[in-house]
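Remember, it's a predicted structure, so these values are computed and weren't measured experimentally.
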Amino acid sequence: MRAKPAHHAQTLAAVALTILVTACALTASACGVSDNNASATKTTTVDPARAPADIHWENYQGVQLPVGGHDGPSKLGTTAAGYTRTPQGAALAAINHSTRLSLAPDGVWPQVAALSLIPGPAKDSWVLARAQISITAPANATVAPHITAYKITNYTPDRADLTVYATYSDASITATAETVLWVSEDWRLLLPDPAAKTQTVQSVPAIPADAVTLPAAK
C-alpha cells in the first residue's frame, strides 16, 4: 500500500489501527469449530479458483460490496451474515466483514463487531480504538475503493487465508491480507495479533493473473 494518508483512507484493513484510519479518512466527517456441515463440504467440489456465482453489488456506506446469490451473505441488514462453507463464501465474508468494520457508523459498529470478529486480543484492541472515534457519514465517493479481485492462498473448511485487491480512481491498487475462520456456522474475520505488528496492506503494481476477478459493480 502507498504510504500517503489518502491511501490509508481507502484500504480494507485487517488490523485495528488500519481499520480506524480507513474509517476516519473515508468518511466525509471526521470458538469452537462446528462439524455440522462436514458432509455437505465433502460432497461439494472445492475449487478456490472458481468465482462466486450470481454476484450482485450492494452499497454499504458509499462502497459497493459483492453479494453472491448462492454463497452469501444471505442475511443483510445492520450486519451481513449467512455464507456457504466454501472458498467462495469465505472470500465474500472476508470482503464484507472488513469493509463493514471500516465504515460502520456510530451506534452500529458494536453489532457489526460482535457478529464479524473472532474474539481475542485483536478484537479487544479494535473495539477500544473504535470507541474513541466517531463515524457519521458514508465514504467519500472520490476516494472509495472498488473491490476488484481476490486470491485464496490457503483453504480448509475451517480457515481461509486470502488477499483482497482493490483499485482506486488514480489507478493505484492495494492488496490486503485477510483471514476468516468457520465459527458458529458462519465465517468470521480473524484480525492479526496487534503485538505482532503484521503488515497486512501493501501497494501492488498489478493484480495477479491467477486472482479471482469479480464482475464490475454497476
Side-chain angles (χ1 to χ4, degrees), residues 11-15 18-19 31-58 60 63-76 79-102 112-120 122-123 126 145-166 174-193 198 200-201 207-208 210-215 217:
T11 60
L12 304 177
V15 286
T18 306
I19 287 177
C31 286
V33 176
S34 171
D35 290 325
N36 292 345
N37 289 347
S39 59
T41 301
K42 291 178 181 177
T43 58
T44 301
T45 301
V46 176
D47 181 8
R50 178 178 62 79
D54 302 323
I55 287 289
H56 68 274
W57 297 82
E58 295 282 342
Y60 181 79
V63 174
Q64 296 294 321
L65 293 178
V67 175
H70 173 69
D71 296 298
S74 60
K75 302 174 185 177
L76 285 172
T79 58
Y83 300 91
T84 59
R85 197 174 186 178
T86 63
Q88 293 71 31
L92 291 170
I95 293 168
N96 278 270
H97 287 332
S98 59
T99 307
R100 285 171 174 269
L101 282 168
S102 297
V112 178
L115 180 73
S116 304
L117 291 178
I118 296 292
K123 177 181 177 179
W126 186 89
H146 300 280
I147 313 303
T148 310
Y150 68 86
K151 180 179 178 180
I152 292 181
T153 55
N154 177 67
Y155 177 79
T156 72
D158 300 328
R159 175 180 177 133
D161 301 300
L162 64 152
T163 302
V164 178
Y165 298 93
T174 57
T176 303
E178 307 275 10
T179 295
V180 289
L181 304 183
W182 184 261
V183 176
S184 300
E185 301 302 315
D186 215 346
W187 293 107
R188 297 195 183 195
L189 191 67
L190 176 66
L191 298 179
D193 184 345
T198 305
T200 59
V201 184
I207 297 172
D210 58 349
V212 177
T213 302
L214 297 171

Partners of A217 by side-chain contact (heavy atoms from CB on, under 4.5 Å), sequence neighbours excluded?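 By the side-chain contact (heavy atoms from CB on, under 4.5 Å) rule, A217 matches W57, Q64.
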Of all heavy-atom pairs between [X] and [Y], which one has the smallest distance, and what is that distance?
X    : Y    : answer
T148 : I207 : CG2-CD1, 3.5 Å
A81  : L115 : CB-CD2, 3.7 Å
P87  : V46  : CG-CG1, 3.6 Å
T153 : L162 : OG1-N, 4.0 Å
A175 : T163 : CB-CG2, 3.6 Å

Please walk me through it: do N96 and Y83 pass side chain to side chain contact (heavy atoms under 4.5 Å, CB included)? CA-CA 11 Å; N96 278 270; Y83 300 91; 3.3 Å; yes
Could you tell me whether a side-chain N or O of T156 sits under 3.5 Å from a main-chain N or O of D158, the two making a donor and an acceptor? yes
Quick one: does R188's side chain have a donor or acceptor within less than 3.5 Å of a partner on I118's backbone? no
Roughly how far apart are [X] [atom1] and [Y] [atom2], rounded to 0.5 Å?
X    : Y    : atom1 : atom2 : answer
L181 : L190 : CG    : CG    : 5.0 Å
L92  : I147 : CG    : CD1   : 11.5 Å
Q88  : Y150 : CD    : OH    : 5.0 Å
S98  : L117 : OG    : CG    : 10.0 Å
E178 : I152 : CD    : CD1   : 12.0 Å
T213 : Y165 : OG1   : OH    : 10.5 Å

Who are the salt bridge (Lys or Arg N to Asp or Glu O under 4.0 Å) partners of D161, not counting sequence neighbours? R159
Between W182 and W187, how do the two ring planes meet: parallel, tilted or perpendicular, split at 30° and 60°?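 Aromatic pair W182/W187 classed perpendicular.
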Distance-only donor-acceptor pairs under 3.5 Å for side chains of residues 65-73, two or more places apart:
| from | atom 1 | to | atom 2 | distance (Å) |
| --- | --- | --- | --- | --- |
| D71 | OD1 | T84 | OG1 | 2.7 |
| D71 | OD1 | T86 | OG1 | 3.3 |

State which residues pass side chain to side chain donor-acceptor pair (under 3.5 Å) with K123; sequence neighbours excluded, sorted by chain then number.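 K123 satisfies side chain to side chain donor-acceptor pair (under 3.5 Å) with no other residue.
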According to side chain to side chain donor-acceptor pair (under 3.5 Å), who are the partners of D210, at least two apart in sequence or on a separate chain? K151
How about T200 and P192: do any of their side-chain heavy atoms sit closer than 4.5 Å? yes
Test side chain to side chain contact (heavy atoms under 4.5 Å, CB included) on I95 and L214; report intermediate values, then the result. CA-CA 12 Å; I95 293 168; L214 297 171; 4.2 Å; yes
